[in-house]
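Predicted model, so just to flag it, every value in this text is computed and none were measured. Throughout, a chain's letter reflects where its sequence line sits, starting with A, and its residues are numbered from 1.
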Amino acid sequence: MRYSQSLIPTLKETPAEAEVVSHRLLLRGGYIRKLTAGIYSYLPLGLAAIRKVEQIVREEMNRAGAQELLMPMVQPADLWRETGRYEKYGPELLRFHDRHDRESCLGPTHEEVITDLARREIRSYRDMGKNLYQIQTKFRDEIRPRFGLMRGREFIMKDAYSFDVDDAQSEKCYQKMFEAYTRIFKRCGLDFRPVEADSGTIGGSFSHEFMVLADTGEDTLAICSSCDYAANMEKAAVKLPVADDSALLDLEKVETPGKRKVAAVCEFMDIVPRELVKTLVFLADGQAVAVLVRGDREVEEVKLKNHLGVVEVEMADDKQVYDATGVPTGYLGPVGITVKLVVDQEVAAMKNFTVGANEKNYHMKNVNIGRDFEAVSVADLRQITKDDPCPQCGEPLILREGIEVGHIFKLGTGYSKAMKAFYQDSDGQEKPMVMGCYGIGVSRIVAAAIEQNHDENGMIFPMPLAPVQVILLNLGIKDEQITKMADSLYEELMARGVEVLLDDRDERPGFKFKDADLLGIPLRVTVGKRFSKDGIIELRTRRDGAIEELQPEALAARIVALIDAEITAAQ
RNA sequence: CGGAACGUAGCGCAGUCUGGUAGCGCACUUGUCUGGGGGACAAGUGGUCGGAGGUUCAAAUCCUCUCGUUCCGACCA
């Protein structure tokens with residue numbers, strides 16, 4: 001590729017819209033351009049990087065026995081009604097009517113389409129054990145797209161779906177995918193961790209996320225400092241606390257005029273937040289539910305949602321709280337409350353705690369479960385903290401930010417039952433197919449790789465993801481000898497299968513160096529004065545800036561060796 | 001959708017409070033010089049000031065509405 005013929009519009013200044021480093025550098029490097037909110041064009045270099053990821057994904061999926069196919073992006077609403085998701089999915093699903101007024105949507109994921117295909121085409125247990133995948137543009141009408149390729153509305157995803165005869169086979173496939181994913185992210189040169197995850201709206205019984213560790217990540221991970229435990233914070237199990245066996249004290253009502261916040265109440269009553277219990281009201285699919293957690297804890301909404309078995313929970317506002325309970329916020333408590341009450345396990349282990357009295361300007365102390373009120377249910381409902389022990393081994397946990405680049409689910413038979421995807425087993429019985437689904441955010445991987453690999457001068461691509469492996473700078477466009485050498489090296493490298501970008505623009509050396517750094521291409525070859533004077537070609541690595549001086553004849557072989565070494569190292 | 005900010009040349013911004021001439025840097029065009037870390041000089045091109053309506057002799061500037069973008073929250077690959 002010749003720079004002069006390509007479209008690589010680098011920017012000296014950072015566009016104001018870009019906040020995170022990958023977004024800034026992708027724009028500055030001329031890899032992407034925004035069309036509208038959350039929707040980007042991939043320019044030649046951006047596309048080249050994406051193709052690299054796709055290729056790795058393809059190779060590993062195929063190696064794991066999966067088959068590639070391609071499904072439609074436009075999907076009929078009726079298919080989505082079969083699983084109930086047309087109603088459930090929410091405004092993230094972009095819906096529209098075609099010219100015949102048929103309801104349609106743009107595929108944000110493909111469980112319905114693939115299950116429809118499977119139920120039509122697969123009859124016998126002999127045809128089961130299939131894993132089908134595609135790499136395709138998805139559309140999710142995100143409420144708030146942000147961070148460039150990290151959370152677009154339109155993005156490239158690899159999605160795979162497996163169909164097995166029973167749980168044991170499905171489990172094997174899940175394991176295989178777990179291994180394939182580990183290989184994929186390793187080959188991409190990413191620093192990542194697989195973590196236990198919530199299965200979200202896609203549904204299913206069990207799942208892992210693959211997280212790239214980066215400060216700009218939107219998820220928080222709980223990672224054990226000692227054993228192999230790692231989980232998304234929203235899923236991370238809090239260890240069951242030891243029950244307090246103090247004697248029960250007498251219930252006491254205390255006047256707390258104007259003291260609504262935990263801090264104010266504690267100060268007024270001369271207690272600490274861990275002796276107080278908050279009563280928070282959530283709307284669970286519209287129904288008010290009160291949740292008790294210790295004063296210094298936060299409710300984990302995902303845990304609450306799963307515990308209640310509802311689609312959505314949100315914190316009620318002051319008015320909704322008053323409407324549901326008749327008590328102003330700040331004075332709510334479990335004693336005599338009228339709405340459904342669920343209790344965090346930590347609170348269930350407490351004795352003689354302080355709560356709101358369900359009456360303005362009053363709190364109660366020495367409250368106890370069982371004696372003063374009954375809980376509808378007790379569960380792990382709070383957010384884990386960095387001070388919690390590992391739920392597996394009890395050693396300290398570390399909390400880190402991560403970018404979700406892959407997610408695998410055991411789906412079970414939810415979709416197959418809803419859509420009547422049955423096969424006939426060897427015993428002649430009709431049985432539901434056991435499904436799994438496995439996603440990778442292809443375009444997001446490129447962003448994640450940059451978040452992990454950059455410096456003040458620009459991107460630093462790991463060799464396996466680099467859009468091209470070498471940038472060849474001709475620093476003497478008007479010098480016949482230099483240009484001749486640069487062109488011949490360009491030809492020679494390409495002949496040896498090396499991907500090269502030849503910077504043949506009539507620009508000053510400094511300008512080309514800056515662009516080369518910004519673009520993040522792993523190897524840089526310079527043909528300039530050093531060559532015309534001493535016959536020396538310079539080879540520099542982007543990551544550590546190390547320079548080797550070589551004779552032109554030795555260059556190609558050296559480059560091939562470096563590339564091979566880096567690619568093998570990542571495998 | 002809730003909270004906040006911002007829309008002025010391709011990009012980054014000033015000008016808006018206090019109404020009157022649209023400006024700076026980069027980029028772009030032409031020329032000369034220059035040529036190893038985003039060069040210098042000279043001459044240029046490019047604007048319905050997001051859009052619509054209003055107030056006024058006069059609106060980028062004041063008022064109303066609207067569209068868009070970004071940031072914080074809920075969603076997710």
Side-chain angles (χ1 to χ4, degrees), chain A residues 9-20 23 27-28 30 33-34 36-38 53 57 89-93 108-109 135-160 181 197-202 207 209-212 217-219 232 234 282-283 301-302 305 311-315 317 403-409 437-448 457-458 473-479 482 506-518 524 526-533 536 538 540 545 547:
Chain A
T10 56
L11 264 24
K12 241 187 242 185
E13 283 169 300
T14 306
E17 68 192 44
E19 188 70 13
V20 301
H23 190 193
L27 286 170
R28 280 195 58 208
R33 284 295 182 262
K34 186 175 71 177
T36 180
V53 176
V57 169
Y89 213 95
E92 205 181 309
L93 181 66
T109 177
I135 296 175
Q136 186 204 37
T137 296
K138 293 279 186 278
F139 192 90
R140 294 183 189 174
D141 202 354
E142 297 276 352
I143 301 166
R144 186 150 99 84
R146 61 180 139 180
F147 300 159
L149 293 193
M150 211 105 101
R151 177 175 299 287
R153 292 196 293 164
E154 199 178 286
F155 59 98
I156 298 174
M157 178 173 168
K158 187 281 304 181
D159 47 327
Y181 274 40
D198 179 60
S199 46
T201 44
I202 294 194
S207 92
E209 287 165 336
F210 288 79
M211 293 284 188
V212 167
E218 298 181 275
D219 289 271
N232 193 313
E234 62 190 27
F282 286 83
L283 296 178
E301 294 188 16
V302 169
K305 190 169 86 175
V311 176
E312 204 183 320
V313 297
E314 57 173 333
M315 193 96 180
D317 62 29
I403 301 166
E404 181 186 355
V405 290
H407 200 161
I408 59 179
F409 300 84
C437 88
Y438 319 93
I440 289 181
V442 170
S443 38
R444 184 181 278 181
I445 285 179
V446 174
N457 295 315
L473 305 185
N474 175 343
L475 295 191
I477 287 296
K478 289 171 180 154
D479 181 314
I482 290 174
D506 184 10
E507 293 289 352
R508 295 167 62 87
F511 196 92
K512 295 191 176 190
F513 289 140
K514 287 288 185 190
D515 269 348
D517 285 349
L518 175 61
R524 186 186 83 190
T526 306
V527 186
K529 265 192 180 148
R530 292 287 248 308
F531 171 70
S532 45
K533 268 194 206 147
I536 287 172
E538 282 173 13
R540 179 178 182 266
I547 292 179

Legend entry - G10(B) and G53(B), which share atom name P, separated by this distance in whole Å: 23 Å

Inset, instruction - Could you give the distance separating G46(B) and U29(B) at their P atoms, to the nearest angstrom? - result: 15 Å

Inset, instruction - Could you state the atom-to-atom distance from CG of Leu11(A) to C1' of G38(B) in whole Å? - result: 13 Å

Inset, instruction - Please state the P separation for the pair U30(B) and U45(B) - nearest whole angstrom. - result: 14 Å

Legend entry - Whole-Å gap separating P (G73(B)) and CD (Glu218(A)): 9 Å

Inset, instruction - Grab the CG-P distance between Leu93(A) and A77(B) for me, whole Å please. - result: 14 Å

Inset, instruction - Please state whether the base of G35(B) and the side chain of Asp506(A) form at least one donor-acceptor pair under 3.5 Å? - result: yes

Inset, instruction - Take atom C1' in A60(B) and the same atom in C17(B), then report the distance between them in whole Å. - result: 14 Å

Legend entry - Partner nucleotide, any strand, of C17(B) [Watson-Crick/G-U, under 3.5 Å]: none

Inset, instruction - State whether the distance check finds a donor on one side and an acceptor on the other, under 3.5 Å, for side chain Arg151(A) versus base C76(B). - result: yes

Legend entry - N/O donor-acceptor pair under 3.5 Å between Lys158(A) side chain and Val442(A) backbone: no

Inset, instruction - Kindly say whether, by distance alone, the side chain of Arg146(A) makes a donor-acceptor pair under 3.5 Å with the base of U70(B)? - result: no

Legend entry - Check: Glu13(A) side chain, G25(B) base, donor-acceptor under 3.5 Å: yes

Inset, instruction - Classify the side chain of Arg28(A) and the base of G38(B) as holding, or not holding, a donor-acceptor pair under 3.5 Å. - result: yes

Legend entry - Counter-base of G2(B), judged by Watson-Crick or G-U geometry with both distances under 3.5 Å: C72(B)

Legend entry - Arg524(A) CZ to G36(B) P, straight-line distance once rounded to whole Å: 13 Å

Legend entry - Distance, rounded to the nearest Å, where Lys12(A) contributes NZ and G12(B) contributes P: 15 Å

Inset, instruction - Kindly say whether, by distance alone, the side chain of Glu507(A) makes a donor-acceptor pair under 3.5 Å with the base of G38(B)? - result: no

Inset, instruction - Give the ring-plane orientation class for Phe210(A) versus Tyr181(A), where under 30° counts as parallel, over 60° as perpendicular and anything between as tilted. - result: tilted

Inset, instruction - Could you tell me whether Ser443(A) contacts a base, only the sugar-phosphate backbone, or nothing, with contacts defined as non-hydrogen atoms closer than 4.0 Å? - result: nothing

Legend entry - G68(B) versus A52(B) - spacing of their C1' atoms, nearest Å: 15 Å

Legend entry - Watson-Crick or G-U wobble partner of U29(B), both distances under 3.5 Å: A43(B)

